[in-house]
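See structure below.
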There are 2 protein chains.
Amino acid sequence: MDAHLRELRYFVAAAEESTVTAAAARLFVSQPALSKQLRALERRLGFDLFDRRPRGLTLTSQGSVLLPVAREVLAAWDRGYAEARAAAHPHQLVVGMQTAVGRDLQRPAVERFRATLPGWTVSLRLVGWDDPTAGLADGTSDVAFVWLPISTDFATRVLISEPRWVALPAQHPLADRAEIPFELLLDEPFVALPAAAGPLRDFWLAVDARPGPPVVAAEATAADEVLELVTAGVGIALLAEGNTGLYQRPGLVCRPVPDLPPAELAVAWRRIDNRDAVRAFLDSVQP
Amino acid sequence: MDAHLRELRYFVAAAEESTVTAAAARLFVSQPALSKQLRALERRLGFDLFDRRPRGLTLTSQGSVLLPVAREVLAAWDRGYAEARAAAHPHQLVVGMQTAVGRDLQRPAVERFRATLPGWTVSLRLVGWDDPTAGLADGTSDVAFVWLPISTDFATRVLISEPRWVALPAQHPLADRAEIPFELLLDEPFVALPAAAGPLRDFWLAVDARPGPPVVAAEATAADEVLELVTAGVGIALLAEGNTGLYQRPGLVCRPVPDLPPAELAVAWRRIDNRDAVRAFLDSVQP
DNA sequence: GCGCATCCATAACCAACGGTTATATCAGCA
DNA sequence: TGCTGATATAACCGTTGGTTATGGATGCGC
């Protein structure tokens, strides 16, 4: 009986969340899809993995035997796949970035890294916000500059903490103010990150600072897209102070939102990845 | 990037056979299917696993990194799956059998086993000839009575060595003879085991004793089926001497074929499986 | 004890996948 | 030059994996 590794991820997620619904949300698939997949897996395995109880799932005895196996299989595969990919470009370190980092962090880091490990090259990889790990999760990058929060599968070191600002179309009624308390933005339509961005989406919608759910007017997977939509008047968006200068354009104004907790930019790496090159790069990054 | 475990088996088989065609034959799929699967896997992985050369395949550097990983993943899964299945029926040993063993081997073995391990139960599983390992390969049995030859993944101990006979319809021109040299059967149509039986099919067609390829009139996956077809005059079939008594029926005669090497009945188990219960059962089996 | 909320399963549908057979292509070799 | 042995492509088809919409069972609050 062969399974798809995806099915094993589904199984592990369901076991960890202990409800199908929660696991489906975490995996970004619909609840019926996950339900069907788990049923089909159990049918093909020939035994049940879960007892379905009114308040969620509990593992059967076979399920608890198979769970560590599934974890082991997935870990072995993820590690091996990353290794194989690295074999294509030996002595190359891939640095993932969610947005143009700017702030003169990345340039000196690369310089110091190359001085430390002269045989190595550094490749920069710019990814959309649909991958909040900037390629760390799927192994397409080795280290990454990311905005927090990020999955705890990755280790991080905070580099910069910046106040959050809001980007508005120039003709917006609030555009005249020098700064804008978040309270005034509660009912504004927002341009949000895609659902795949996970907790990061909520962070840039400032969900924690709201009494109710946000109004999402549109979704965008890259910075330019966001600002385009804001300029067009579709919605407004939060951004980090340091990015306000980077993304200036006519018809767009940025204003501080003083009462929101700051955004944190961090360097992140896979917790289990302790290669010298990764360590060397981390040492090269200075706040 | 998630793969199907089946794809990893395909990859390993192709790497071991070093041609797609040979691997496809070993896997019992068509050559284009395997070719497409390997191509698709490479496309999704983002790198090539093989260099295609006129005389077959060679591994790329990434391929050679991934090969041991694939083996490790498959081994971990196979082991874990078997463990989980065993968890459903703790203290139960599943004995696979290709045909009714008879010969009073299995009954005393089970008795001795139950005397040795009183807490255990033994479950007998009869499988068709489309699985020449009688369930050992897919973990649905723990030990098995099988006819040799069998894959070297399994350890075996020969129990009985018996001359091969031939089963003929009663009205067959050769049915009068007391014994029939194989030479006289060379051009006869045979009822064969299915292709999935692998080397065992060849053994019961006595391919080694032929100058050319056999004539296969039909395929059958169980003993009753074979004898039905023989009685109906569709073809003839070889069988072990000890089975001639077991399968007597009107319209069917069995005659020795003196010049064929004997058939060997063995007890087999997974080489890596050294559980006490397995060992105890093996000790209980006496030739 | 009766709605009600919560969670899982099923239905109906659709795109993508994995297999088949038949055929094209390509390198090496007599 | 044409044959052989290998892989890739084409056309086709049943199955799988996803979606949305809906049904059904089980605790819980009032």
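Order of the sequence lines sets the chain letters (A, B, ...), proteins ahead of strands, with each chain counted from 1.
B:R39 comes within 4.0 angstrom of sugar-phosphate atoms only, judged by non-hydrogen atoms across all strands, and of no base. Nucleic acid contact class of B:T21 (heavy atoms, under 4.0 Å, all strands): base.
For the pair B:E42 and B:R52, the salt-bridge criterion is met [side-chain N within less than 4.0 Å of a carboxylate O]. Look at B:D153 and B:R271 and you find no salt bridge, because none of the NZ, NE, NH1 or NH2 atoms lies under 4.0 Å from a carboxylate O.
No donor-acceptor pair under 3.5 Å is formed between the side chain of B:S18 and the backbone N or O of B:G56.
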Query raised in the report: Reading nucleotides 16-21 of chain C 5' to 3', which nucleotides get B (base under 4.0 Å from a protein heavy atom), which S (sugar-phosphate only), which -?
Result: --SBBB

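Seen from the ring of B:F11, B:R39 does not count as a face-on cation partner, given the 6.0 Å and 45° thresholds. Judged by a 6.0 Å distance limit and a 45° cone about the ring axis, A:R210 is positioned over the six-membered ring of A:F190.
Nucleotide D:dA8 holds its P atom 10 Å from the CZ atom of B:F50, rounded to whole Å. The distance from atom CG of A:L27 to atom P of D:dG17 is 15 Å, rounded to the nearest whole Å. Taking atom CG on B:L57 and atom C1' on D:dA8, their separation rounds to 12 Å, with Å as the unit. Distance CZ (B:R52) to P (C:dG28): 17 Å, rounded to an integer number of Å. One can place CZ of B:R53 at 14 Å from P of D:dA8, the figure rounded to the nearest angstrom.
When only modelled atom types and interatomic distance are considered, A:T140 and A:R85 share no side-chain donor-acceptor pair under 3.5 Å.
At the phosphate of D:dA8, OP1 or OP2 sits under 4.0 Å from a side-chain N or O atom of B:S35.
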